[in-house]
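This report concerns only the one structure given below.
Chain identifiers are assigned alphabetically (A, B, ...) following the order of the sequence lines, protein sequences preceding nucleic acid strands; residue numbering begins at 1 within each chain. Because only heavy atoms are used, hydrogens play no part in the values below, and waters and symmetry mates are left out as well, while side chains stay in.
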Amino acid sequence: MNAQQQIPRNALVWMIISLFTLAAPHVTRLPVWVLAVYGVAALWRSMVYRGRWSFPGRLVKLALILCACGGIYASYGNMLGLEPTVALLLTAFALKLIELAGRKDAYVLLFLGYFICITEFLFSQDLLIVLYSVLNTTLITTALVALHQPDQHRFNHGSLRLAAVMLAQAFPLMLVLFFLFPRIGPLWSVPIKRHTAKTGVSDVMQPGDISHLSQSDEVAFRAQFQGEIPPRSQLYWRGLVFSRLADGAWRRLRNYEVAPNERRPAPVTTGGEPLRYSVILNPTQQHWLYSLRYAESGQAGVMATADYLLYSPVELEDQYRYHARSWPDAVLEPELSDWRRRTELQLPKGGNPRTRQLALDMRAASASAAAFVGAVLAMFTHQPFVYTLQPPRLGTDPMDRFLFQTRRGFCEHYAYAFVVMMRAAGVPARVVAGYQGGEVNPVNRTVIVHQFDAHAWAEIWLRGRGWVRVDPTAAVAPERIELGLEQAVATEGSFLADSPLSPLRYRGISWLNSLRLRYDALTYQWQSWVVGFNSERQYRVLQKLFGQLDASKLMLILLGSGALVLVPVAGSLLARRRVHPLSPLDHTYLTFCDRLSRLGVVRNPGEGPAAFAERAAQALPHWAPLLQRLTGIYCELAYADANLSPTRSTQLKREFKRGLRRLKRARRPR
Amino acid sequence: MQVLQKSDVKTGLRHRLQQRFQAWVKRRLPPARSVTLDQRRIFIFPSRVGFLFFLCLLVMLLTAINYQNNMSFALTFLLTTLFVIAILHTYANLSGLTIHAVRAKPTFPGQRSEFDIRLERSRQRDHYGLRLAWPESTECVVNLVQTDSIEVRLLTAVGRRGWYSPGRLLLETTYPLGLLRCWTWVDLDLHALVYPQPLPSADLAGLATQRPGGAVLPINGNDDFYGLRNYRPGDSLRQLHWKSLAKGQALQSKQYTAYAERNLWLDWDMFPGVETEQRLSHLCYWVLAFERRRYEYGLRLPGQSIEPGTGEQHLEQVLTALALYQDGSPPR
């Protein structure tokens, strides 16, 4: 291996640094042993550098690779997910470092590093992650630069500076490409999927599920309204409708359980000005889109279901933005079909006998269905029911236990009990799950809906009024609806009990809160403009900026912006200060020499002014006096300037210039 | 030169193309003792690593498209434009450098000649990873950091007697990212003189006495003191005349050449019937032998003669005459 192919120590150190920074954001998704591999790799390679250990032999390498593959298979159970693939890439990165001997290995390693940067984005495109990846890219580029600076045996950050400068210079053109590159659909269906757990409300609800979800302070979605934001007590974000109770859990109707002629939503007559809003939903790995009732979207890729929900036919693996219009006062399904009535009255045979009996008794005591609803809500209000984030576990016949023994529950308990009682008494009813409320960000007027805003309520069908929303939780804890979960469980102190560091727990500290809200506003802008930039948005932006686009115009934009960036960069690189700047005097003397060379007398390298003047005078006898005089002036100015008075000096300079002008008119002797 | 040799085995078309190319390069980069690199003299093209990088970018772009991931697009494009920016940086790493031919050391066949060249920067920027090599020489990688010029010595095995031309000097760099190779070939008009191969011959004495002015070879061991002459570098300490130094005069050496004919002549005609190259080799051998023994010797070749003398300069003059016999002009 020759000197050129060796890896300078400086480059090696930068590579080891980037090894760790690359792995850091993946840590939560990696098995612990991969981190151990990282430590061993860094140690081994630095020991090789010091000459204590040697590079691994071929057999050892093979064994390491097999162990890594086996380990990943054992840790993830397969090799074909995004997580195992990334783990494999990261392990390969570490192992490559161990056998890093020549420059070729280093290139492979660093290009792999660039690719690992990209894999991070497949999990998250958060602003912070993106900033962190910029750091990573800079570090890898630094290592690449350091690789080409031989004889740098000390760790230094000269290469970091250059890498940062180059990336900064590359940035503007990157923006141009980002906005101009056509956003075509996937070329083929991606075989490597994420294994990320589904988040948000799931399609099965057991007592305890939503209170569990409410421990999370993650953002579920952000909504922005055109015009006024409705009061928070009206913000019931419908996500799922649970019409079937089986095995102690509520679930939505499977597609095959719906009668074929019932699969389309019944037409709704809408009137008045709708609420217009757009939602950016964070990835859920599920299908439902949250909306206020009654919502229509009209956006491609958003479907409507028979229970008036919005639905995406593909699982939402990335953030998803949709627009919707809602008419809160529209009457839904004024006429109930027989099938629908049967479905919404269905209860399992047996189970919860005391609850059913109670419902029948109360219905008998009420004059109408509406009065019966009022009586049940009054029961929740007046009897000692408690709204709590820590409900006790319920066994068989859960509602009997809840209503007659524990009387402590979260929203899903109340919705569950309410719907069971309605159905038992012959009122069509169903559970609706989604989110209630949300935090209005004063910075940009978005509604931030967190996971702890998850909620379950009920819808009942009343003759002439269609489906009506009833929230039994409001009867127990009205502050949950009016103020939010934090106030509702304030006395209990259980709000976000598991995440002591969540900034949401410190909303009381005003500067911290305003910082959080500002960052959230920034995140919204980021999500809506950068992460959510798609072909539709691209078309609109380009049309707005450049009008109708065609190929030649696009080419012109590309070339123009390229020149706009590259010319200054080239200028800054190539127009550095000269090492030996010429004094103005020397400059004029060189002009003098130039003039003479045009007349056929060329000054030899190393020839002094006096000798040159002598030679020139011989060659051009006609000009001899002038040449001698000018050379004399030059020598006087160059070597005796200190002895000259300023006026004399200026005088001489003028004379020199005059002489030069005369020389310009001189003809070459034949 | 080198390229032509290589192409001998290749097809005729290729040969012609390369000849054309060489001619083009020659027109574009004429020989000069010092060359300042500018856009006319610098070539740039993606390196092999650069193509590997493209492949990597392609994979990244496919990932971005298939996952519809905007940040992946952004990173892919950032690296793409980084490549474009690297073109300028790599070019700037060569631009403004001046290559000066310093000297080429004369040498004997079969040895390696030292070619000294000097790299000088004209702008205040650091230049890294400059690789210099002649087609058949050793290579050298230097940085020009915090210094305005640097001298580089390259070794090349030389060929036969006469002027040896090392061909075009390659100066290349892949700094800063290795994705692009920027290079130039300059003809520095630097040639190394190759002396004849010294070849011992049988007894010279018999041949020498045939001359009318008769050179009688000195007999060692019988030396008497002959006189003093000014000290020349290389005189041995035993020869020094310390007394004159003590008197405050210039340093002098004692001469012991009592029986030696002072004017030894080495003559072309001393080796009748011997073929030219061999004859030159014999002459070379005896020149070196005489110089070692500090004799004064002259050289007569057809058409030129060098008056007897001794010392480094004289030796060089004599050897140069031998080297260039019938082969005077530097090759082009």
Does some side-chain heavy atom of B/M71 sit less than 4.5 Å from a side-chain heavy atom of A/S133? no

Is any side-chain heavy atom of B/V59 closer than 4.5 Å to one of A/F111? no

Please rank B/G96, B/C140, B/A74, B/A86 by heavy-atom pairs under 4.5 Å with chain A and give me the top one. B/A74

Heavy atoms, side chains only, cut-off 4.5 Å: are A/V531 and B/N69 in contact? no

Using non-hydrogen atoms only, which part of B/L55 is less than 4.5 Å away from chain A: side chain, backbone, both, or neither? neither

Pair A/F178 and B/F73, ring centroids less than 6.0 Å apart: no

Heavy-atom distance under 4.5 Å to chain B: side chain of A/L162, backbone, both or neither? side chain

Please state whether the side chain, the backbone, both or neither of B/A64 comes within less than 4.5 Å of a heavy atom of chain A. neither

Name the region of B/F83, side chain, backbone, both or neither, that has any atom closer than 4.5 Å to a heavy atom of chain A. neither

When heavy-atom pairs shorter than 4.5 Å are enumerated against chain A, which of B/V84, B/V145, B/L79 gives the highest number? B/L79

Quick one: what part of B/I87 sits under 4.5 Å from any heavy atom of chain A, side chain, backbone, both or neither? neither

B/L61 versus chain A, the contacting section by heavy-atom distance below 4.5 Å: side chain

Looking at OG1 of B/T174 and NE2 of A/H148, how far apart are the two atoms once the value is rounded to the nearest 0.5 Å? 4.0 Å

State, yes or no, whether a side-chain contact exists between A/V145 and B/H89 at a heavy-atom distance under 4.5 Å. no

Taking the side chain as every heavy atom from C-beta outward, state whether A/L574 and B/Y91 have any atom pair closer than 4.5 Å. yes

B/Y67 side chain near A/F121 side chain, heavy-atom distance below 4.5 Å: no

Please tell me if the side chains of A/M174 and B/L82 come closer than 4.5 Å, counting only heavy atoms from C-beta onward. no

Given heavy-atom pairs under 4.5 angstrom as the criterion, report whether the side chain, backbone, both or neither of B/L75 touches chain A. side chain

dist B/D126:CG -> A/Q149:CD (nearest 0.5 Å) comes out at 8.5 Å

How many angstroms lie between CG in B/L57 and CZ in A/F115, if you round to the nearest 0.5 Å? 11.5 Å

Just wondering, do B/Q68 and A/N534 contact through their side chains at under 4.5 Å, heavy atoms? no

Using non-hydrogen atoms only, which part of B/S72 is less than 4.5 Å away from chain A: side chain, backbone, both, or neither? both

